[in-house]
Amino acid sequence: MKVFARARAGARGNLRAVVAAALLLAIVPSHAALGYVAISTSGRTGAWTVNDSAAQASLRCIYQDQHLSRLVISPPTIKASTRRARKVGWQFQVLRAKWWQTEPDQWYVAYTSDIAKASATRRRAASFVPREWTIPDAFRTAYDSFKVQVIMRWFAADGTTQRGQTTIELEYYGLERAGEPFDPASTFGPAHCAGSLRAPAAPSSGTTEPPAGFVRMSHWQPYWKGFSVERVRSTITELVRMHQTGVVLTGMESRNTYALPPDVARYLTMFRDAGIKPYLALWVGKFTDAETATALRAWEAGNGQWAGIVLDVERGLEVLGERDRAAAVRAVDRFMARVDPVTPFLAYSTFAIPSDHPGMLYSELNSYSDVFMPQLYFSLGRTALRLLDRMQASVDYESSSWSEPPIPIVPIVNDWGDGVNLNELRSYIEISFSRYGAVSGWRLHPNMHEEVKDLWGSFAP
């Protein structure tokens, strides 16, 4: 519990109140002992008290069947800044962590209550009752977390004009289970209530059908311009061993570089004869007329053997969208007017978390394409389930403003090089099959470990 003397702006403030406040701060050893975080204070305020400690918390998080159902906030004790009766008030706001948006997690205001007002004097505190907020169903996940800020207000004689304000953030919460008496010992800090006490659950092991026009398992093969017949045969051997029925072959690299071998049509026929569908990957920067011409050249070089096109779209388009979104949209439209009609299947591959890349034209690419292939790679020790859940949460949130409903997803996972966690890779593949019906690997690299190849081969084609 913390008691604060009222403070008055200007040199004519109450000296005893200022001294008392100074002495109180002097004996507090550290921020941790305060139990709350002071956010801001302005204008003329009176004395106030907040219960916020491991012994008595103002915030109670109430769980029903392991899921957070309500937040209950005890009122602060507020006195007026004058001898005469004046209105004082308080409200609370709930901050939610967008765990799926950025690292580190960011908070946003998910709910703000109205202001409760009551009369008080300098000696007599106002009479308030606890307030509460019901947690929306969509927020009741183990990934979500919440904290609460309390805003105290002091008003002039008219009861409307605000004279002062103090905002604090609560640091402790009491965990309570619905239907059971509250145990004061179940108080924790910091005050970040989890949306659910139940661990996230992976989807069932059942599978869905791959998106129309795509395959269940595929791998990317960039930088293959110098391939020979023998190299194509060895690549096919590796793909067959790994039960891959698709290969994504780069035909245009960065800076509008044409990247196909001279005998590409022959090589594509070899892939098809082995039961492997070849897709043309185009690393597109800003959808220029020059890139359009190169894309069409690469498509025509396949002599009808390409199964479709995958647009590898990254920072180039994002930068253009950040600088001039209208120009970026026009460029995409011009490109698609020429390229889209030639292919029976079109996918786009880009950053996995739309919320992190507002400059990227997700809505426009989504409206033209058949499949979204997010570049969802292992990093920072994240589990496969968290990675896929985080991506899906962001797509669900952002797609509400897209021009068309979101298209099917085929996640891409990095699976070569040292340090590949085989258990997490297996989990990633299994969840992808269950949710999306397909998965693609980046990339078929000479340094891919044999254990990784065996893992892919353990899944039925």
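Along the sequence shown, residues are numbered consecutively beginning with 1. In what follows, every heavy atom counts, from backbone to side chain, and hydrogens, waters and symmetry copies are set aside.
Applying the side chain to side chain donor-acceptor pair (under 3.5 Å) rule to pairs touching residues 421-433 yields Arg426-Ser458, sequence neighbours excluded.
Nearest heavy atoms, Ile78 versus Met152: CD1-CG, 3.6 Å. The shortest heavy-atom contact between Val148 and Ile73 is CG1-CG1, 4.1 Å. Heavy atoms only, all atoms of each residue included: Ala125 and Thr77 are closest at CB-CG2, 3.5 Å. Across all non-hydrogen atoms, the minimal contact from Gly321 to Leu361 is CA-CD1, 4.3 Å. Considering every non-hydrogen atom in both Asn366 and Pro406, the closest pair reads OD1-CA, 3.4 Å. The two residues Pro354 and Glu398 have their closest heavy-atom pair at CB-CG, 3.8 Å.
Note that NE2 of His192 and CG of Leu59 are 10.5 Å apart. Values are rounded to the nearest 0.5 Å. To the nearest 0.5 Å, the span separating OG1 on Thr383 from CZ on Arg386 amounts to 7.5 Å. Note: Met373 CE to Ser440 OG = 4.0 Å, rounded to the nearest 0.5 Å.
With no hydrogens or angles considered, no side-chain donor-acceptor pair links Tyr36 and Gln149 at under 3.5 Å. Asp333 and Tyr368 form a side-chain donor-acceptor contact under 3.5 Å, judged by distance and modelled atom types alone. With 3.5 Å as the limit, one finds a donor-acceptor pair spanning the side chains of Ser394 and Ser355. Donor-acceptor pairing under 3.5 Å is lacking for the side chains of Asp137 and His67. Using modelled atom types, one finds no donor on one side chain facing an acceptor on the other under 3.5 Å when comparing Trp99 with Asp389. Residues Asp415 and His219 have side chains that bring a donor and an acceptor to within less than 3.5 angstrom of each other. With hydrogens and angles left out, the side-chain atoms of Ser403 and Glu364 include no donor and acceptor closer than 3.5 Å. The closest side-chain donor-acceptor pair between Gln91 and Arg153 falls under 3.5 angstrom. For the residue pair Asp183 / Ser186, no side-chain donor-acceptor distance below 3.5 Å is found, with atom types taken as modelled.
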Could you give me the CA-CA distance, side-chain angles and deciding distance for Val310 and Leu280, then say whether side-chain contact (heavy atoms from CB on, under 4.5 Å) is met?
CA-CA 6 Å; Val310 179; Leu280 171 63; over 6 Å; no
Candidate pair Arg70 and Glu132, rule side-chain contact (heavy atoms from CB on, under 4.5 Å), full reasoning
CA-CA 7 Å; Arg70 290 182 297 140; Glu132 68 176 58; 3.0 Å; yes
Please assess Phe351 against Asp356 for the test side-chain contact (heavy atoms from CB on, under 4.5 Å), listing each intermediate value before the final yes or no.
CA-CA 8 Å; Phe351 311 112; Asp356 287 351; over 6 Å; no
Take Val37 and Glu171 through the side-chain contact (heavy atoms from CB on, under 4.5 Å) test and state the conclusion after the steps.
CA-CA 7 Å; Val37 176; Glu171 280 286 273; 3.8 Å; yes
Evaluate Gln375 against Asn414 for side-chain hydrogen bond (donor to acceptor under 3.5 Å, both in side chains), listing each step before the verdict.
CA-CA 9 Å; Gln375 300 168 12; Asn414 52 326; over 6 Å; no
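The aromatic ring centres of Phe433 and Phe459 sit less than 6.0 Å apart.
Trp133 and Phe139 have tilted rings, their planes meeting at an angle from 30° to 60° on a 0 to 90° scale. Below 30°, between 30° and 60°, or above 60°: for Phe287 and Phe335 the angle between ring planes is above 60°, a perpendicular geometry.
Between Trp442 and Trp416 there is a side-chain heavy-atom pair separated by less than 4.5 Å. Between Trp283 and Ser254 the shortest side-chain heavy-atom distance falls below 4.5 Å. Trp107 is not listed as a side-chain neighbour of Glu169, based on a closest heavy-atom distance of 4.5 Å or more.
Checked against His357 for a side chain to side chain donor-acceptor pair (under 3.5 Å), the options Glu318, Glu322, Arg315 give a single hit: Glu318.
Electrostatic pairing of Asp114 and Arg131 counts as a salt bridge here, judged by a charged N lying under 4.0 Å from a carboxylate O.
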